[in-house]
Amino acid sequence: MEADERRCPRQGTQVVAKTVDDAVVLLDLTTEMYYSLNEVGSRIWALADGRRSVATIVDTLAGEFDAERGQIREDAEDLLSQLAAEGLITWDAS
Amino acid sequence: VSITHYFTLHGIPIFTSAETPALDAAACELLRAVATELRQAADTCAGITVHLSGGQPDFPPPPGARAWMVADPLCLLTDERDSYLLLDGQLLGTLSATERHITAWIPPALVNTPDFVGQMIVLPLLLEALRAYGFVSLHAAALAHNGRAALFPAVSGGGKSTLTVALLRAGFRLLSDDCPLLRHTAAGVVAHAFAEPLHISPRSVMFFPELRGSLHAGTQFAPPPESPHEHREEKVALDPVSVYGECVIQQCLPGALLFPTISQESQTRIEPLDAPDALLRLLALTMPSASRRYLRQQFELLGDLVSAVPCYTLHTGRDFERLPEYIHALLETEATTRRNL
């Protein structure tokens with residue numbers, strides 16, 4: 001798990017994001033599929049810049065949201081795995 | 001020999017040419033409804049050209065062309081430069097995006113169905129050509145009252161035309177009953193008219209006595225007899241101006257976005273809808289584009305629209321006659337809120 005935490009998620013270059021209220025809606029220009037992220041998901045998306053590791057993102061979220069770090073890490077890893085499976089993010093080495 | 005006409009649509013010159021009078025009628029059927037016809041030549045270099053031919057294309061769609069819209073029996077392909085429109089697998093039209101030139105080859109069986117040609121062949125290519133001018137078409141009815149427009153996005157058969165008539169007869173002004181054009185302006189996203197004839201089912205006509213007298217031979221919107229798509233609900237094309245007078249307004253700021261559903265309840269219910277949910281619903285109802293650049297432009301515009309106006313679901317009940325009152329109240333509330341900000 002620690003090895004995963006060192007990797008850095010990066011937003012796909014083919015993805016366009018639009019912030020609407022507290023949520024982010026994503027459009028993949030290649031597949032023409034749309035995705036909606038909730039408030040926490042939107043924050044994770046914003047932090048997925050290819051420079052921050054999963055561990056750094058989790059630390060940042062733990063400082064911003066009132067939840068236990070283990071739970072935040074689990075949720076962040078779940079979401080990032082889904083985003084990667086959909087081709088919306090890539091992984092950079094730390 | 002070509003028969004030519006010049007039109008202007010929201011300042012965009014549109015030039016049509018056709019090889020026969022019947023093809024000319026087909027070329028002009030849609031444009032006479034949505035655009036203004038000019039007496040003299042406009043600057044066609046800056047505009048869109050539409051040519052209708054009675055012949056057949058002497059080339060197939062390029063192999064490997066990508067489908068960017070499939071809506072049986074229509075299919076639109078692109079080779080990342082031009083678009084190709086196929087009806088039942090037969091190539092009937094092209095759009096050169098760079099030259100904004102539409103060519104349509106009309107088979108003999110379709111020559112005398114100008115409404116069908118306008119809707120199924122010219123319209124999809126014209127809407128794509130209009131993207132070069134920043135216009136995005138929305139699958140919605142759009143009606144205005146006191147300077148604010150209510151937009152009702154819905155699929156075909158979702159009640160848009162019936163809603164349109166219900167509001168027109170109460171004095172609302174028409175932008176479009178099926179595909180208003182949206183464009184970013186300095187004032188924000190503005191809805192522009194695309195006032196095609198209303199395509200309404202005879203069943204809906206029964207609710208509105210004033211429409212019965214407007215039905216006449218030759219207005220049937222139906223596929224040609226040899227088409228395999230006989231299941232399409234037959235609708236009647238009605239000119240809104242002939243029934244409701246000068247009811248078309250050219251542009252208006254949107255004031256509310258309402259996704260209609262038909263409910264069996266006695267009373268109409270209007271419920272707030274979150275902007276992200278509204279955006280996802282809108283995206284599902286918006287025509288795709290051959291161009292990724294225009295897809296992005298459309299995504300940005302629709303995101304700005306749902307951020308700028310309140311969004312609702314509209315469950316129309318049996319109190320249909322009170323609909324204008326409800327929509328009017330919503331638009332007035334929105335206008336008051338905006339003034340107080």
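By convention in this document, chain letters (A, B, ...) are assigned in the order of the sequence lines, proteins followed by strands, and residues within each chain are numbered from 1. Keep in mind that what you see is a predicted model, and the values were worked out from it rather than measured.
- Of the listed residues (B:Leu280, B:Leu302, B:Leu295, B:Leu283), the one with the most heavy-atom contacts under 4.5 Å to chain A is B:Leu283.
- Proximity to chain B (any heavy atom under 4.5 Å) is shown, for A:Leu37, by neither the backbone nor the side chain.
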For residues 150-160 of chain B, please give each side-chain donor-acceptor pair under 3.5 Å, one per line with the distance, not counting sequence neighbours.
from: B:Lys160; atom 1: NZ; to: B:Ala154; atom 2: O; distance (Å): 3.0
from: B:Lys160; atom 1: NZ; to: B:Val155; atom 2: O; distance (Å): 3.0
from: B:Lys160; atom 1: NZ; to: B:Asp178; atom 2: OD1; distance (Å): 3.4

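- Each salt bridge (Lys or Arg N to Asp or Glu O under 4.0 Å) pair with one or both residues in residues 282-302 of chain B, not counting sequence neighbours, appears once here: A:Lys18-B:Glu300.
- With salt bridges taken as basic N to acidic carboxylate O contacts below 4.0 Å, one links B:Glu271 and B:Arg269.
- Looking only at distances, no side-chain donor or acceptor of A:Arg43 sits under 3.5 Å from a matching main-chain atom of A:Ile57.
- Heavy-atom distances place both the backbone and the side chain of B:Asp304 under 4.5 Å from chain A.
- For chain B, the option among A:Thr30, A:Asp21, A:Leu27 with the highest count of heavy-atom pairs below 4.5 Å is A:Leu27.
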